[in-house]
Amino acid sequence: MKASQRNNGPRRIPRILASGALGAALLLAGCGGGDGGSEGDGERTARGDTTCDGRIEGTAHITVWFHAGPSGEYSTLRRQVEDFNKAQEQVRVELVTLPEQRPYNELVLSAAASGDLPDLLDFDGPRLYSYAWSGELRPMDSCVSDSLRDDLLPSIRRQGTYAGRLYGVGTFDSGMGLYVRPSVLKAAGVRVPRGIDDAWTAEELTGILRTLREKGHPTPLDLGLVHARPGEEWATYGFAPALWSAGGDLIEPGTFRTADGFLNGPESVGALTTLQNWVREGLVEPGKGDERAFLDGRSVMSWTGHWWYPDYSEAFPDDVAIVPLPDFGEGTVTGMGSWQWGIPVGDADGDAVRRFLDYLLTPEQVHRMTTANGAVPATNSAVKLSSKYRRGGAEHLFIEQLRNGVARPRPQTPAYPAITDAFAEAFRKIMIDRAPVRATLDEAVEAIDKDLAAHDGYPPRSGP
(Lines give C-alpha, C1' and ligand atoms only; values in the text may rest on other atoms or scores of the structure.)
Protein backbone atom coordinates (compact mmCIF):
# COMPACT_ATOMS: atom_id res chain seq x y z
CA MET A 1 0.00 0.00 0.00
CA LYS A 2 2.92 2.37 -0.39
CA ALA A 3 2.57 2.84 -4.14
CA SER A 4 1.67 6.30 -5.33
CA GLN A 5 -1.52 5.95 -7.33
CA ARG A 6 -1.97 7.98 -10.46
CA ASN A 7 -5.26 8.88 -12.17
CA ASN A 8 -7.30 6.45 -10.08
CA GLY A 9 -8.08 8.46 -6.95
CA PRO A 10 -6.88 8.31 -3.37
CA ARG A 11 -5.81 4.98 -1.90
CA ARG A 12 -7.74 3.12 0.75
CA ILE A 13 -6.82 3.57 4.41
CA PRO A 14 -3.93 1.21 5.27
CA ARG A 15 -5.11 -2.03 6.87
CA ILE A 16 -3.08 -1.40 9.99
CA LEU A 17 -5.28 1.63 10.72
CA ALA A 18 -8.52 0.00 9.67
CA SER A 19 -8.08 -3.05 11.86
CA GLY A 20 -6.28 -1.46 14.80
CA ALA A 21 -4.28 -4.68 15.18
CA LEU A 22 -0.89 -4.34 16.82
CA GLY A 23 1.85 -5.38 14.39
CA ALA A 24 5.34 -6.49 15.23
CA ALA A 25 8.07 -3.99 16.01
CA LEU A 26 10.34 -2.64 13.30
CA LEU A 27 12.40 -5.40 11.78
CA LEU A 28 15.90 -4.27 12.63
CA ALA A 29 17.91 -7.34 11.85
CA GLY A 30 17.99 -6.99 8.11
CA CYS A 31 20.02 -3.82 7.62
CA GLY A 32 22.61 -1.71 9.37
CA GLY A 33 23.74 1.87 9.64
CA GLY A 34 26.77 4.02 10.17
CA ASP A 35 27.26 6.95 12.47
CA GLY A 36 25.10 10.04 12.30
CA GLY A 37 27.74 12.14 10.60
CA SER A 38 27.59 15.91 10.71
CA GLU A 39 25.49 18.28 8.71
CA GLY A 40 28.51 19.35 6.72
CA ASP A 41 29.84 15.90 5.80
CA GLY A 42 28.60 14.77 2.44
CA GLU A 43 25.44 16.86 2.40
CA ARG A 44 26.24 18.76 -0.75
CA THR A 45 27.79 15.84 -2.58
CA ALA A 46 25.39 13.07 -1.58
CA ARG A 47 23.02 13.37 -4.51
CA GLY A 48 23.25 9.77 -5.69
CA ASP A 49 19.77 8.73 -4.59
CA THR A 50 16.95 8.46 -7.11
CA THR A 51 14.09 9.42 -4.81
CA CYS A 52 13.49 12.53 -6.91
CA ASP A 53 14.27 12.60 -10.63
CA GLY A 54 12.63 15.89 -11.53
CA ARG A 55 9.53 14.39 -13.17
CA ILE A 56 5.93 13.78 -12.13
CA GLU A 57 3.98 11.48 -14.41
CA GLY A 58 0.28 12.21 -14.69
CA THR A 59 -1.64 13.07 -11.55
CA ALA A 60 0.07 11.74 -8.41
CA HIS A 61 -1.81 10.90 -5.23
CA ILE A 62 0.15 10.85 -1.97
CA THR A 63 -0.91 9.99 1.56
CA VAL A 64 0.41 11.83 4.61
CA TRP A 65 0.55 10.87 8.29
CA PHE A 66 0.88 13.52 10.98
CA HIS A 67 1.40 13.01 14.70
CA ALA A 68 -1.01 15.54 16.19
CA GLY A 69 -4.64 15.02 17.07
CA PRO A 70 -7.05 17.96 17.27
CA SER A 71 -4.71 20.88 17.83
CA GLY A 72 -3.37 24.04 16.27
CA GLU A 73 -0.75 21.98 14.43
CA TYR A 74 -3.20 19.52 12.97
CA SER A 75 -5.79 22.09 11.95
CA THR A 76 -3.07 24.20 10.32
CA LEU A 77 -1.71 21.25 8.35
CA ARG A 78 -5.23 20.32 7.28
CA ARG A 79 -5.75 23.80 5.89
CA GLN A 80 -2.34 23.68 4.23
CA VAL A 81 -3.31 20.44 2.48
CA GLU A 82 -6.60 21.96 1.33
CA ASP A 83 -4.89 25.10 0.01
CA PHE A 84 -2.18 23.07 -1.74
CA ASN A 85 -4.74 20.85 -3.46
CA LYS A 86 -6.72 23.88 -4.61
CA ALA A 87 -3.65 25.67 -5.96
CA GLN A 88 -2.64 22.96 -8.45
CA GLU A 89 -3.93 19.72 -9.94
CA GLN A 90 -0.86 17.57 -10.56
CA VAL A 91 -0.42 16.36 -6.96
CA ARG A 92 -3.33 15.36 -4.73
CA VAL A 93 -2.54 15.06 -1.03
CA GLU A 94 -4.61 12.99 1.39
CA LEU A 95 -4.09 13.65 5.10
CA VAL A 96 -4.92 10.37 6.83
CA THR A 97 -6.76 10.60 10.15
CA LEU A 98 -5.06 8.29 12.64
CA PRO A 99 -6.73 6.55 15.60
CA GLU A 100 -5.95 8.67 18.65
CA GLN A 101 -6.18 5.80 21.14
CA ARG A 102 -2.91 4.34 19.81
CA PRO A 103 0.46 6.00 20.54
CA TYR A 104 1.76 7.48 17.32
CA ASN A 105 5.12 5.73 17.40
CA GLU A 106 3.37 2.42 17.98
CA LEU A 107 1.32 3.01 14.83
CA VAL A 108 4.47 3.76 12.83
CA LEU A 109 6.23 0.61 14.07
CA SER A 110 3.21 -1.53 13.27
CA ALA A 111 2.77 -0.03 9.82
CA ALA A 112 6.46 -0.47 9.04
CA ALA A 113 6.28 -4.15 9.95
CA SER A 114 3.20 -4.73 7.79
CA GLY A 115 4.27 -2.58 4.84
CA ASP A 116 1.59 0.06 5.32
CA LEU A 117 3.58 3.25 5.77
CA PRO A 118 2.29 6.33 3.93
CA ASP A 119 4.07 8.25 1.17
CA LEU A 120 5.09 11.04 3.55
CA LEU A 121 5.66 10.30 7.22
CA ASP A 122 5.94 12.66 10.17
CA PHE A 123 8.12 11.40 13.04
CA ASP A 124 9.99 12.66 16.09
CA GLY A 125 13.46 13.63 14.86
CA PRO A 126 15.66 11.27 16.95
CA ARG A 127 13.66 8.27 15.71
CA LEU A 128 14.94 8.98 12.19
CA TYR A 129 18.17 7.05 12.73
CA SER A 130 16.38 3.83 13.63
CA TYR A 131 14.04 4.15 10.66
CA ALA A 132 16.87 4.95 8.26
CA TRP A 133 19.09 2.12 9.52
CA SER A 134 16.29 -0.41 9.21
CA GLY A 135 15.70 0.60 5.61
CA GLU A 136 12.26 2.12 6.15
CA LEU A 137 13.17 5.57 4.79
CA ARG A 138 14.44 6.70 1.40
CA PRO A 139 17.31 9.22 1.29
CA MET A 140 16.06 12.56 0.09
CA ASP A 141 19.15 14.54 -0.88
CA SER A 142 17.87 14.60 -4.46
CA CYS A 143 14.59 16.13 -3.23
CA VAL A 144 16.09 19.18 -1.50
CA SER A 145 17.44 21.99 -3.66
CA ASP A 146 20.65 23.81 -2.76
CA SER A 147 18.69 27.01 -2.17
CA LEU A 148 16.34 25.30 0.28
CA ARG A 149 19.23 23.51 1.98
CA ASP A 150 20.98 26.85 2.48
CA ASP A 151 17.78 28.34 3.93
CA LEU A 152 17.30 25.59 6.51
CA LEU A 153 18.69 26.18 9.99
CA PRO A 154 21.88 24.15 10.46
CA SER A 155 20.16 22.24 13.26
CA ILE A 156 17.43 21.06 10.88
CA ARG A 157 20.02 19.74 8.42
CA ARG A 158 22.00 18.08 11.18
CA GLN A 159 18.94 16.48 12.77
CA GLY A 160 17.83 15.03 9.44
CA THR A 161 21.21 13.57 8.46
CA TYR A 162 22.20 9.95 9.04
CA ALA A 163 25.33 8.25 7.69
CA GLY A 164 26.04 11.29 5.52
CA ARG A 165 22.64 11.22 3.82
CA LEU A 166 19.60 13.43 4.36
CA TYR A 167 16.58 11.39 5.44
CA GLY A 168 14.40 14.01 7.06
CA VAL A 169 13.51 17.68 7.02
CA GLY A 170 11.29 19.63 9.39
CA THR A 171 9.27 22.80 9.14
CA PHE A 172 10.08 23.72 12.73
CA ASP A 173 12.70 23.09 15.41
CA SER A 174 12.66 23.37 19.19
CA GLY A 175 14.19 25.74 21.69
CA MET A 176 15.00 25.24 25.36
CA GLY A 177 16.30 27.42 28.16
CA LEU A 178 15.52 28.79 31.60
CA TYR A 179 12.46 31.02 31.83
CA VAL A 180 12.90 33.54 34.64
CA ARG A 181 11.03 36.45 36.24
CA PRO A 182 13.50 39.36 35.94
CA SER A 183 11.64 41.47 38.50
CA VAL A 184 11.95 38.72 41.10
CA LEU A 185 15.65 38.15 40.36
CA LYS A 186 16.49 41.83 40.53
CA ALA A 187 14.61 42.21 43.82
CA ALA A 188 16.73 39.35 45.21
CA GLY A 189 19.94 40.93 43.94
CA VAL A 190 20.48 38.22 41.31
CA ARG A 191 22.04 39.07 37.96
CA VAL A 192 20.17 38.12 34.79
CA PRO A 193 22.40 36.48 32.13
CA ARG A 194 22.60 38.51 28.91
CA GLY A 195 23.23 35.63 26.51
CA ILE A 196 25.06 32.43 25.64
CA ASP A 197 28.45 33.62 26.90
CA ASP A 198 26.98 34.86 30.16
CA ALA A 199 25.22 31.74 31.49
CA TRP A 200 25.14 30.99 35.19
CA THR A 201 27.42 28.18 36.30
CA ALA A 202 25.69 25.25 38.00
CA GLU A 203 27.37 26.25 41.25
CA GLU A 204 26.18 29.84 40.85
CA LEU A 205 22.65 28.67 40.15
CA THR A 206 22.69 26.55 43.31
CA GLY A 207 23.41 29.68 45.33
CA ILE A 208 20.75 31.64 43.46
CA LEU A 209 18.11 28.99 44.20
CA ARG A 210 18.99 29.09 47.91
CA THR A 211 18.74 32.89 47.89
CA LEU A 212 15.35 32.79 46.21
CA ARG A 213 14.06 30.30 48.75
CA GLU A 214 15.23 32.58 51.56
CA LYS A 215 13.34 35.42 49.84
CA GLY A 216 10.06 33.51 50.11
CA HIS A 217 9.97 31.27 47.04
CA PRO A 218 9.82 27.75 48.54
CA THR A 219 10.47 25.79 45.31
CA PRO A 220 12.14 28.36 43.05
CA LEU A 221 12.93 25.99 40.14
CA ASP A 222 10.54 23.90 38.06
CA LEU A 223 12.31 21.10 36.15
CA GLY A 224 9.12 19.61 34.73
CA LEU A 225 9.51 16.52 36.92
CA VAL A 226 5.82 15.84 36.45
CA HIS A 227 6.91 14.46 33.07
CA ALA A 228 9.74 12.31 34.46
CA ARG A 229 8.03 9.08 33.50
CA PRO A 230 9.07 6.03 31.47
CA GLY A 231 8.30 6.51 27.80
CA GLU A 232 8.37 10.32 28.05
CA GLU A 233 10.96 12.06 25.87
CA TRP A 234 11.25 15.03 28.23
CA ALA A 235 13.97 13.47 30.42
CA THR A 236 16.37 12.91 27.52
CA TYR A 237 15.57 16.08 25.63
CA GLY A 238 15.60 18.21 28.76
CA PHE A 239 18.56 16.86 30.70
CA ALA A 240 21.02 15.24 28.31
CA PRO A 241 22.28 18.86 27.91
CA ALA A 242 23.32 18.85 31.58
CA LEU A 243 25.49 15.79 30.93
CA TRP A 244 26.96 17.31 27.75
CA SER A 245 27.68 20.57 29.53
CA ALA A 246 29.59 18.66 32.21
CA GLY A 247 31.62 16.78 29.59
CA GLY A 248 29.60 13.56 29.81
CA ASP A 249 27.35 11.85 27.30
CA LEU A 250 24.59 9.29 26.90
CA ILE A 251 26.79 7.01 24.77
CA GLU A 252 30.24 7.06 23.24
CA PRO A 253 30.05 9.97 20.78
CA GLY A 254 30.81 9.41 17.13
CA THR A 255 31.10 5.62 17.22
CA PHE A 256 28.12 4.83 19.50
CA ARG A 257 29.75 1.52 20.49
CA THR A 258 28.98 1.60 24.22
CA ALA A 259 27.40 3.70 26.95
CA ASP A 260 29.88 2.42 29.53
CA GLY A 261 32.23 5.13 30.75
CA PHE A 262 30.05 7.86 29.26
CA LEU A 263 26.54 7.69 30.70
CA ASN A 264 27.98 6.38 33.97
CA GLY A 265 31.24 8.35 33.75
CA PRO A 266 32.22 10.88 36.42
CA GLU A 267 31.03 13.88 34.40
CA SER A 268 27.53 12.47 33.85
CA VAL A 269 27.32 11.28 37.45
CA GLY A 270 28.39 14.73 38.66
CA ALA A 271 25.77 16.57 36.59
CA LEU A 272 22.91 14.36 37.74
CA THR A 273 24.15 14.49 41.33
CA THR A 274 23.88 18.29 41.18
CA LEU A 275 20.31 18.05 39.89
CA GLN A 276 19.42 15.46 42.52
CA ASN A 277 20.92 17.64 45.26
CA TRP A 278 18.63 20.49 44.19
CA VAL A 279 15.70 18.12 44.65
CA ARG A 280 17.00 16.85 48.00
CA GLU A 281 17.32 20.44 49.26
CA GLY A 282 13.74 21.16 48.27
CA LEU A 283 14.76 23.76 45.70
CA VAL A 284 12.79 22.07 42.91
CA GLU A 285 9.06 21.75 42.38
CA PRO A 286 8.15 18.10 43.17
CA GLY A 287 7.16 15.81 40.34
CA LYS A 288 3.85 14.80 41.86
CA GLY A 289 1.84 17.93 41.16
CA ASP A 290 0.76 19.76 38.06
CA GLU A 291 2.44 21.85 35.35
CA ARG A 292 1.48 25.22 36.84
CA ALA A 293 4.37 25.87 39.23
CA PHE A 294 5.70 28.83 37.22
CA LEU A 295 2.25 30.08 36.21
CA ASP A 296 0.98 30.01 39.79
CA GLY A 297 4.14 31.61 41.20
CA ARG A 298 5.36 28.62 43.19
CA SER A 299 8.49 28.66 41.01
CA VAL A 300 10.18 31.69 39.48
CA MET A 301 12.42 29.70 37.12
CA SER A 302 11.34 27.05 34.65
CA TRP A 303 13.71 24.70 32.80
CA THR A 304 11.62 24.04 29.70
CA GLY A 305 11.04 24.62 26.00
CA HIS A 306 9.55 27.07 23.54
CA TRP A 307 6.03 25.65 23.97
CA TRP A 308 5.56 27.43 27.31
CA TYR A 309 6.36 30.94 26.10
CA PRO A 310 2.77 31.90 25.12
CA ASP A 311 1.32 30.92 28.51
CA TYR A 312 4.19 32.33 30.56
CA SER A 313 4.26 35.67 28.75
CA GLU A 314 0.50 35.99 29.03
CA ALA A 315 0.60 35.28 32.77
CA PHE A 316 3.46 37.75 33.38
CA PRO A 317 3.42 40.44 30.68
CA ASP A 318 6.81 42.14 30.33
CA ASP A 319 8.24 40.04 33.17
CA VAL A 320 9.44 36.86 31.47
CA ALA A 321 12.93 36.40 30.07
CA ILE A 322 14.68 33.37 28.59
CA VAL A 323 18.28 32.74 29.64
CA PRO A 324 20.67 29.88 28.76
CA LEU A 325 20.76 26.64 30.71
CA PRO A 326 23.47 26.57 33.39
CA ASP A 327 27.09 25.73 32.62
CA PHE A 328 28.08 22.49 34.34
CA GLY A 329 31.74 22.93 33.46
CA GLU A 330 32.23 23.04 29.70
CA GLY A 331 29.82 25.74 28.62
CA THR A 332 26.07 26.00 28.32
CA VAL A 333 24.45 23.34 26.12
CA THR A 334 20.83 22.92 25.10
CA GLY A 335 18.70 20.46 23.18
CA MET A 336 17.40 20.62 19.65
CA GLY A 337 15.26 18.62 17.27
CA SER A 338 11.57 18.23 16.72
CA TRP A 339 9.22 16.48 14.33
CA GLN A 340 10.45 15.90 10.79
CA TRP A 341 9.11 14.69 7.46
CA GLY A 342 10.56 11.64 5.73
CA ILE A 343 9.74 9.55 2.65
CA PRO A 344 9.16 5.86 3.46
CA VAL A 345 10.48 3.17 1.16
CA GLY A 346 8.06 2.36 -1.63
CA ASP A 347 7.23 3.43 -5.15
CA ALA A 348 5.59 6.74 -4.32
CA ASP A 349 6.56 9.51 -6.73
CA GLY A 350 9.29 11.31 -4.82
CA ASP A 351 8.83 14.44 -6.89
CA ALA A 352 5.16 14.60 -5.92
CA VAL A 353 6.19 14.43 -2.28
CA ARG A 354 8.86 17.03 -2.96
CA ARG A 355 6.27 19.38 -4.47
CA PHE A 356 4.24 19.26 -1.26
CA LEU A 357 7.31 19.60 0.99
CA ASP A 358 8.51 22.59 -1.02
CA TYR A 359 5.13 24.19 -0.34
CA LEU A 360 5.27 23.46 3.40
CA LEU A 361 8.78 24.96 3.54
CA THR A 362 7.99 28.26 1.85
CA PRO A 363 8.58 31.15 4.29
CA GLU A 364 4.86 31.90 4.47
CA GLN A 365 3.86 28.31 5.27
CA VAL A 366 6.63 27.80 7.85
CA HIS A 367 5.51 31.04 9.48
CA ARG A 368 1.91 29.85 9.35
CA MET A 369 2.71 26.60 11.15
CA THR A 370 5.04 28.11 13.75
CA THR A 371 2.53 30.83 14.52
CA ALA A 372 0.06 28.05 15.28
CA ASN A 373 2.35 25.91 17.44
CA GLY A 374 4.85 28.47 18.76
CA ALA A 375 7.83 26.40 17.59
CA VAL A 376 11.09 27.70 16.12
CA PRO A 377 10.85 28.34 12.35
CA ALA A 378 12.98 25.89 10.37
CA THR A 379 14.23 28.36 7.76
CA ASN A 380 16.16 31.59 7.97
CA SER A 381 13.66 33.26 5.64
CA ALA A 382 10.77 32.36 7.96
CA VAL A 383 12.69 33.56 11.03
CA LYS A 384 12.69 37.03 9.44
CA LEU A 385 8.88 36.94 9.41
CA SER A 386 8.63 36.25 13.15
CA SER A 387 8.66 39.11 15.63
CA LYS A 388 9.46 36.66 18.44
CA TYR A 389 12.40 34.87 16.83
CA ARG A 390 14.18 37.47 14.70
CA ARG A 391 16.92 39.60 16.23
CA GLY A 392 15.58 41.56 19.20
CA GLY A 393 12.63 39.21 19.68
CA ALA A 394 11.73 37.62 23.00
CA GLU A 395 12.72 34.13 21.82
CA HIS A 396 15.73 35.01 19.68
CA LEU A 397 18.00 33.16 22.12
CA PHE A 398 16.62 29.90 20.72
CA ILE A 399 17.76 30.91 17.22
CA GLU A 400 21.22 31.85 18.50
CA GLN A 401 21.56 28.48 20.22
CA LEU A 402 20.51 26.56 17.12
CA ARG A 403 22.76 28.54 14.80
CA ASN A 404 25.84 28.74 17.00
CA GLY A 405 26.28 25.10 17.99
CA VAL A 406 25.09 25.49 21.58
CA ALA A 407 22.24 23.12 20.71
CA ARG A 408 23.10 19.45 20.18
CA PRO A 409 21.09 16.62 18.64
CA ARG A 410 20.30 13.58 20.69
CA PRO A 411 22.55 10.62 19.77
CA GLN A 412 22.35 10.01 16.02
CA THR A 413 22.29 6.24 16.21
CA PRO A 414 19.64 3.57 15.55
CA ALA A 415 20.11 2.60 19.19
CA TYR A 416 18.41 5.83 20.23
CA PRO A 417 15.06 4.26 21.23
CA ALA A 418 16.92 2.03 23.71
CA ILE A 419 19.02 4.96 24.92
CA THR A 420 16.10 7.26 25.63
CA ASP A 421 14.07 4.52 27.33
CA ALA A 422 16.97 3.62 29.61
CA PHE A 423 17.83 7.22 30.43
CA ALA A 424 14.21 8.20 31.11
CA GLU A 425 13.87 5.34 33.59
CA ALA A 426 17.18 6.21 35.27
CA PHE A 427 16.30 9.90 35.46
CA ARG A 428 12.96 9.10 37.11
CA LYS A 429 14.63 6.90 39.72
CA ILE A 430 17.32 9.48 40.45
CA MET A 431 15.05 12.52 40.66
CA ILE A 432 11.80 11.09 42.02
CA ASP A 433 12.92 8.06 44.02
CA ARG A 434 16.27 9.64 45.04
CA ALA A 435 18.09 6.48 43.92
CA PRO A 436 21.92 6.37 44.02
CA VAL A 437 23.14 8.14 40.92
CA ARG A 438 26.08 5.98 39.86
CA ALA A 439 24.35 2.63 40.50
CA THR A 440 21.24 3.76 38.63
CA LEU A 441 23.26 4.92 35.64
CA ASP A 442 25.13 1.60 35.67
CA GLU A 443 21.75 -0.11 35.22
CA ALA A 444 20.93 2.17 32.28
CA VAL A 445 24.30 1.44 30.69
CA GLU A 446 23.65 -2.29 30.98
CA ALA A 447 20.28 -1.92 29.20
CA ILE A 448 21.76 0.17 26.38
CA ASP A 449 24.75 -2.06 25.84
CA LYS A 450 22.45 -5.09 25.83
CA ASP A 451 20.50 -3.52 22.95
CA LEU A 452 23.73 -2.77 21.09
CA ALA A 453 24.89 -6.37 21.51
CA ALA A 454 21.52 -7.70 20.34
CA HIS A 455 21.93 -5.78 17.08
CA ASP A 456 25.66 -6.47 16.61
CA GLY A 457 26.40 -2.81 17.27
CA TYR A 458 24.16 -1.72 14.38
CA PRO A 459 26.71 -2.36 11.60
CA PRO A 460 26.74 -0.06 8.56
CA ARG A 461 24.20 -0.92 5.91
CA SER A 462 25.18 -1.11 2.28
CA GLY A 463 23.51 0.91 -0.42
CA PRO A 464 21.35 4.04 -0.13
Side-chain angles (χ1 to χ4, degrees), residues 1-2 4 11 13-14 16-17 26 51 61-82 84-85 91 93-100 102-112 116-132 134 136-140 143-144 152 155-157 159-162 166-174 233 237 307 336-346 348 350 352-362 365-366 368-370 372-379 409-410 416-417:
M1 295 306 300
K2 287 181 281 191
S4 178
R11 72 181 63 187
I13 300 299
I16 187 63
L17 298 182
L26 265 175
T51 304
H61 293 264
I62 62 173
T63 54
V64 175
W65 284 15
F66 190 66
H67 69 276
S71 67
E73 283 184 355
Y74 187 81
S75 60
T76 298
L77 181 63
R78 189 176 66 247
R79 290 193 297 270
Q80 287 175 317
V81 168
E82 292 171 354
F84 176 79
N85 285 337
V91 179
V93 177
E94 177 192 3
L95 182 60
V96 177
T97 300
L98 302 171
E100 294 182 39
R102 299 272 305 280
Y104 183 80
N105 189 57
E106 184 181 284
L107 287 169
V108 173
L109 295 175
S110 299
D116 281 324
L117 287 172
D119 301 319
L120 182 60
L121 178 68
D122 172 60
F123 48 80
D124 198 7
R127 301 266 173 187
L128 177 149
Y129 318 117
S130 177
Y131 298 153
S134 65
E136 297 297 341
L137 292 178
R138 298 162 68 181
M140 54 192 300
C143 302
V144 178
L152 292 170
S155 58
I156 292 289
R157 301 195 301 268
Q159 181 75 70
T161 300
Y162 174 71
L166 190 69
Y167 284 92
V169 63
T171 61
F172 51 86
D173 208 326
S174 63
E233 186 63 18
Y237 174 77
W307 50 90
M336 55 170 271
S338 191
W339 292 78
Q340 293 207 324
W341 294 106
I343 305 176
V345 167
V353 176
R354 172 182 180 166
R355 182 80 62 85
F356 182 54
L357 281 177
D358 281 348
Y359 170 76
L360 294 181
L361 283 160
T362 60
Q365 295 307 318
V366 172
R368 184 180 187 182
M369 176 58 78
T370 54
N373 66 8
V376 181
T379 62
R410 282 153 280 179
Y416 182 75

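Numbering starts at 1 and runs along the sequence shown.
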Side chains of S338 and D173, donor plus acceptor under 3.5 Å: no

Polar contact flag, side-chain donor to acceptor under 3.5 angstrom, Q340-Q159: no

Worked verdict on V96 versus L98 for side-chain contact (heavy atoms from CB on, under 4.5 Å): CA-CA 6 Å; V96 177; L98 302 171; 4.2 Å; yes

Can a donor-acceptor pair be found, under 3.5 Å and without considering hydrogens, that links the side chain of [X] to the backbone of [Y]?
| X | Y | value |
| --- | --- | --- |
| Q80 | Q365 | yes |
| N373 | A375 | yes |
| S174 | G337 | yes |
| N85 | V93 | yes |
| T362 | Y359 | yes |

Parallel, tilted or perpendicular, as decided by the 30° and 60° cut-offs, for the rings of Y104 and W65: perpendicular

Search all heavy atoms of [X] against all heavy atoms of [Y] and return the closest pair with its distance.
| X | Y | value |
| --- | --- | --- |
| P118 | P344 | O-CG, 3.1 Å |
| T76 | A372 | OG1-CB, 3.1 Å |
| D119 | I343 | O-CG2, 3.7 Å |

Got a second to check how far [X]'s [atom1] is from [Y]'s [atom2], nearest 0.5 Å?
| X | Y | atom1 | atom2 | result |
| --- | --- | --- | --- | --- |
| L109 | S134 | CG | OG | 9.0 Å |
| F172 | L360 | CZ | CG | 10.5 Å |
| D122 | Y74 | CG | OH | 11.5 Å |
| L107 | R102 | CG | CZ | 4.5 Å |
| E136 | L128 | CD | CG | 12.5 Å |

Name all residues meeting the salt bridge (charged side-chain N to carboxylate O under 4.0 Å, His left out) criterion together with [X]; count only those two or more places apart in sequence or in a different chain, and write none if there are none.
| X | answer |
| --- | --- |
| R355 | none |
| R410 | E233 |
| R127 | none |

Any residue meeting side-chain hydrogen bond (donor to acceptor under 3.5 Å, both in side chains) with T370, in chain and number order, not counting sequence neighbours: none

Find out whether [X] and [Y] are in side-chain contact, i.e. whether some heavy atom of one side chain is under 4.5 Å from a heavy atom of the other.
| X | Y | value |
| --- | --- | --- |
| S155 | M336 | yes |
| T51 | C143 | yes |
| Y167 | T161 | no |
| V64 | V353 | no |
| L361 | V366 | yes |
| E73 | H67 | yes |
| V169 | I156 | yes |
| H61 | V91 | no |

Contacts of F123 that satisfy ring pair (Phe, Tyr, Trp, His ring centres under 6.0 Å) - sequence neighbours left out: Y131

Residues forming a ring pair (Phe, Tyr, Trp, His ring centres under 6.0 Å) with W341, sequence neighbours excluded: F66

Test of ring centre spacing under 6.0 Å for Y129 and Y416: no

Test side-chain contact (heavy atoms from CB on, under 4.5 Å) applied to L121 and V108, step by step: CA-CA 9 Å; L121 178 68; V108 173; 4.0 Å; yes

